[in-house]
Structures are given as C-alpha cells and as structure tokens.
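For reference, the structure is listed below as structure tokens.
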Amino acid sequence: MASSLSSQMSLLALVFLLVLIGNSSAQLSPTFYSKSCPNLMQTVQSAVKSAIAKETRIGASLLRLFFHDCFVNGCDGSILLDDTSSSKGEKNAGPNFKSARGYEVVDKIKAAVEKVCPGVVSCADVLAITARDSVTILGGPSWTVKLGRRDARTASQGAANSSIPPPTSSLSSLTSRYSNLGLSTKDLVALSGAHTIGQARCTTFRARIYNETNIDSSFAQTRQKKCPSTTGSGDDKLAPLDLQSPTAFDNSYFKNLVNNKGLLHSDQVLFSGGSTDSIVRKYSSSQSSFASDFAAAMIRMGDISPLTGSNGEIRKNCRKKN
Ligand code: HEM
Ligand SMILES: *[C@@H]1O[C@H](CO)[C@@H](O)[C@H](O)[C@H]1NC(C)=O
Ligand SMILES: *[C@@H]1O[C@H](CO)[C@@H](O)[C@H](O)[C@H]1NC(C)=O
C-alpha cells in the first residue's frame, strides 16, 4: 500500500516535471494572437506597404533587422532597444552602426498595432511579420509566421559584435555559425538570397572589388568607380547587393554568383568551388525552389531561442523595456 502510494506520487511528480519542461520551451504558433488581436496581420501589412511605397529600400532594411535580431540571443526584439545610460545595446555594435536601419518604421508599425491591440503583441513578433510582409510585397514568397515570442528586457552590444557574421567570413565560418543556431548549409545559402534586395556600403566590399580574383573584371571596375580604394570619405557610398534588380525579391542574386558578380566576399564564397556550388546553381535556375527553401529557412531562423511563457515581456515601446 505504502509503496503503491509512493509510486503514484512519483508518477505525479514526473507529470508535473514534464508539464514544466513543456512550458519553458513553449512552441510558437501561427494562431497565437488570433483571439487577442484578430486584426494584427492587416495592420502590419498595410503599414509595411505604405513604408515601401515611400522608400523601396526599406523592405530590405526591415528584413535585415529581423536577421540581426534573431542571430543575437534569439528573436527577442533586442536589436530594437536603444542604448541607456547603464547599458549599451545592439544598435551601435559594429555590424549595426551606420548600417542597420528602419527603426522609425518599426516604431510606426508597432504604434499602429498598439492602437488596435494595446499591450498584446511583442516587438519581436512585429519584426517577424514585418520581415515576411517585406519579402512578399517585393515579389518574394509568403509563409505562415509563427508567433508568441516575447521581448527581451536587455540587449548586449558584445553579443551583437560577436554573433553577426562579418562580410569577410569564409564558407566554413558561415556554415559553423549557422549550424550552431540549428540552421543547415542549405538554409545558409537560401537565406543569403536575401541579398537579392538592398544596398551595401563601400567599406563592406572594398577589399573584394580591388583585391579578389574570383570576380568578374568589368563588374569590379564598375563598382570601383563609386568606391575608392582607400578608407575615407567614400566609405559609406552605396551599391546594390544585386546588380540586376535590387528592389525585386527574385533569384538573380544566385545568377550573379554563378557569374562571379557577388558583391560581398561572404556572397561569393557560396559559389567558389566549394560544397555549396550545387545549391547556388539550383537556385540560379529555379526561382521556385529558391522561393520555397527561403520561406522554410525564414521559419527556422524565426525559431531561434524565442522567449515564451512568462519570460521577457510585451514591450509597449520597442525602444525601451517597460
Ligand atoms: C551570411 C551571412 C551574412 C553576411 C556576412 C551579411 C552581410 C551583410 C552586409 C555587410 C550588408 C551591407 C551592410 C552595410 O553596408 O551597411 C548586408 C546587407 C543586407 N543583408 Fe546581409 N548578411 C548576411 C546574411 C543575411 C541574411 C540571412 C539576411 C536576411 C534573411 C540578410 C539581409 C540583408 C539585407 C536585406 C541587406 C540590405 C539592407 C539594406 O539595404 O538596408 N543578410 N548584409
Ligand atoms: C563592439 O564593437 C564596436 C565597434 O567595432 C566597439 O567600439 C565596441 O567597443 C564593441 N563593444 C563590445 C561590448 O564589445
Ligand atoms: C589589397 O591587398 C594589399 C596587399 O595585401 C593591401 O596592402 C591592400 O590594402 C589591399 N587593398 C584593399 C582595398 O583591400
């Protein structure tokens, strides 16, 4: 009798433990806000549409914000926190300073969401939906965004410095960084296709256009015209990451790579005689396989270490903790 009671107790304890574990790694879900904020999707989409109508590049900038959020301690809205007197955030970290942009637009989108559902939707989720809408509006694929992320109360400049891959990265460094986050080599190649939109500063591609040999020479010459060889006033001059169609989310990024016309070193390493050449070739000849692999990879990137349950908070203003 006593022993059967104690075995019942330990079964109960086990069930409790399992429930606890289940909660602490609570799953994101596409329907997370369907009761608490039924107009969320329309609200975000119309705000993204009007931002892109004002400035086409902003779609690229918003997509990149989500990447830079997710790679630094997970998709937790940490990139959106302003520096405070006591802590340095991610906005002024090396990979973001004078580079990441679109924060004012995120503020606008969040304000529109707060108007319809005050205090309900996290900044991390607003960013996830905004990234998807940007891609779709510019002609790329759509996908169902998983939701339920909560917002970090802190940000780390040091983590942003070390977690976002630099454009000087080798293929092996990129694959190991991605794999540490649960992303495959195929995800790496597909996600890099985001560089089919947007712009880069001279300082990020100078060494490639002046010193590398696996670059189309007329392409290098064209880019050299607006990017002087020495550090200085030309550092911030912009060039499109995709020379063909920098505002269309298509597969021309991969066609460029096959022709040695990748702008960044970290772009061309994906097609440089290594293991990823075959994936690049496939995407360069099949828009639809790129589109579906990109969508799947975005969902996996969005799954990186979310705060859920009672962790974190729902920030009212994306720039500061409540
Ligand atoms: C593979 C590693 C990656 C590296 C090394 C990298 C590096 C860079 C660099 C250096 C720039 C130009 C920044 C500047 O000059 O200010 C840039 C721009 C951009 N990146 Fe990446 N990136 C990577 C992956 C990604 C991923 C995964 C995404 C999104 C899914 C992405 C989206 C973008 C976009 C859209 C832009 C243009 C932003 C704009 O015009 O404002 N990148 N990236
Ligand atoms: C991050 O990098 C920037 C610029 O590269 C540097 O000034 C800053 O001190 C770094 N911060 C930390 C905490 O490592
Ligand atoms: C090209 O390489 C040379 C030799 O390593 C170096 O001195 C020079 O600064 C490099 N130029 C650029 C633009 O990176």
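When a ligand or atom number is given, it counts from 1 through the structure's own listing order. For clarity, every value in this text was computed on a predicted model and none was experimentally measured.
Not a single protein heavy atom sits closer than 4.0 Å to atom 7 (O) of ligand 3. Shown here, atom 4 (C) of ligand 3 is out of close reach of the protein: none of its heavy atoms lies under 4.0 Å off.
Of all atoms in ligand 2, numbered sequentially from 1 with element shown, those under 4.0 Å from a heavy atom of Q157 are 1 (C), 8 (C), 10 (C), 11 (N), 12 (C), 13 (C). Which parts of ligand 1 touch P167 is read off a 4.0 Å heavy-atom cut-off, strictly below it: atoms 5 (C), 10 (C). Applying the 4.0 Å criterion to heavy atoms of A200 picks out, from ligand 1, the atoms 12 (C), 15 (O). Of all atoms in ligand 3, listed by their number and element, those nearer than 4.0 Å to a heavy atom of S229 are 13 (C). Against a heavy-atom cut-off of under 4.0 Å, L264 is close to the following atoms of ligand 1: 7 (C), 8 (C), 9 (C), 10 (C). Under a 4.0 Å criterion applied to the non-hydrogen atoms of R57, ligand 1 contributes the atoms 39 (C), 40 (O), 41 (O). The ligand atoms of ligand 1 that sit less than 4.0 angstrom from a heavy atom of G198 are 37 (C), 40 (O). Residue P166 has at least one heavy-atom neighbour below 4.0 Å for each of these atoms of ligand 1: 5 (C). Using a 4.0 Å cut-off to heavy atoms of L191, the atoms of ligand 1 that qualify are 26 (C), 27 (C), 30 (C). For ligand 1, the atoms closer than 4.0 angstrom to any heavy atom of S192 are 1 (C). Against a heavy-atom cut-off of under 4.0 Å, A207 is close to the following atoms of ligand 3: 14 (O).
No N or O atom of S169 sits closer than 3.5 Å to an N or O atom of ligand 1. At a 3.5 angstrom cut-off on N or O pairs, N161 counts as close to ligand 2. Every N/O-N/O distance between K98 and ligand 1 stays at or above 3.5 Å. An N or O contact shorter than 3.5 Å links S99 to ligand 1 by distance. At under 3.5 Å, a nitrogen or oxygen of S61, whether backbone or side chain, sits near a nitrogen or oxygen of ligand 1. Of the N or O atoms in R101, none lie within a sub-3.5 Å distance of an N or O in ligand 1.
For Y103 and D82, the side-chain atoms include no donor-acceptor pair closer than 3.5 Å. Inspection of the N256 and Q244 side chains reveals an N or O donor paired with an N or O acceptor under 3.5 Å. At a cut-off of 3.5 Å, with distance as the only test, no side-chain donor of S310 or R150 sits close to an acceptor on the other residue. Side-chain contact annotation: D187 with S184, donor-acceptor N/O pair under 3.5 Å present.
Each of D236, D235, T203 was evaluated against K98; a single residue qualifies, D236, per the side-chain hydrogen bond (donor to acceptor under 3.5 Å, both in side chains) test.
The part of L241 lying near ligand 1 is the side chain, judged by heavy-atom distances below 4.0 Å. Contact annotation: for F71 versus ligand 1, there are no heavy atoms closer than 4.0 Å. Residue S266 touches ligand 1 through its side chain alone, judged by heavy-atom distances below 4.0 Å. Contacts between A131 and ligand 1 below 4.0 angstrom, taking non-hydrogen atoms only, are absent altogether.
Closest of all the heavy-atom pairs between A124 and D151 is N-OD1, 2.8 Å.
Note that K146 lies outside the cation-pi zone of F32, set by a 6.0 Å cut-off to the ring centre and a 45° limit from the axis.
Regarding atom 10 (C) of ligand 3, its nearest protein heavy-atom neighbour is N211 ND2, 2.5 Å.
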- Run the ring pair (Phe, Tyr, Trp, His ring centres under 6.0 Å) check on Y253 and F290 step by step: do they pass? CA-CA 11 Å; Y253 168 81; F290 165 52; 8.0 Å; no
- Message: Show, in sequence, the C-alpha distance, side-chain angles and deciding distance for S245 and D242, and conclude whether the side-chain hydrogen bond (donor to acceptor under 3.5 Å, both in side chains) test is met.
- Response: CA-CA 6 Å; S245 51; D242 166 14; 3.1 Å; yes
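Taking the six-membered ring for Trp, Y283 and F294 have ring centres at least 6.0 Å apart.
Applying the 4.5 Å side-chain rule to ILVMFWY residues, one finds that I314 remains a lone member of its cluster.
Of the candidates P165, A100, A194, A194 brings a heavy atom nearest to atom 29 (C) of ligand 1. Closest to atom 24 (C) of ligand 1 by heavy atom, among F67, F205, F66, is F67.
Under the rule for a side chain to side chain contact (heavy atoms under 4.5 Å, CB included), the partners of Q224 that lie at least two apart in sequence or sit in another chain are I209, Y210, A220, Q221.
Contact annotation: the side chain of N92 approaches that of Q157 to within less than 4.5 Å [non-hydrogen atoms, C-beta and beyond].
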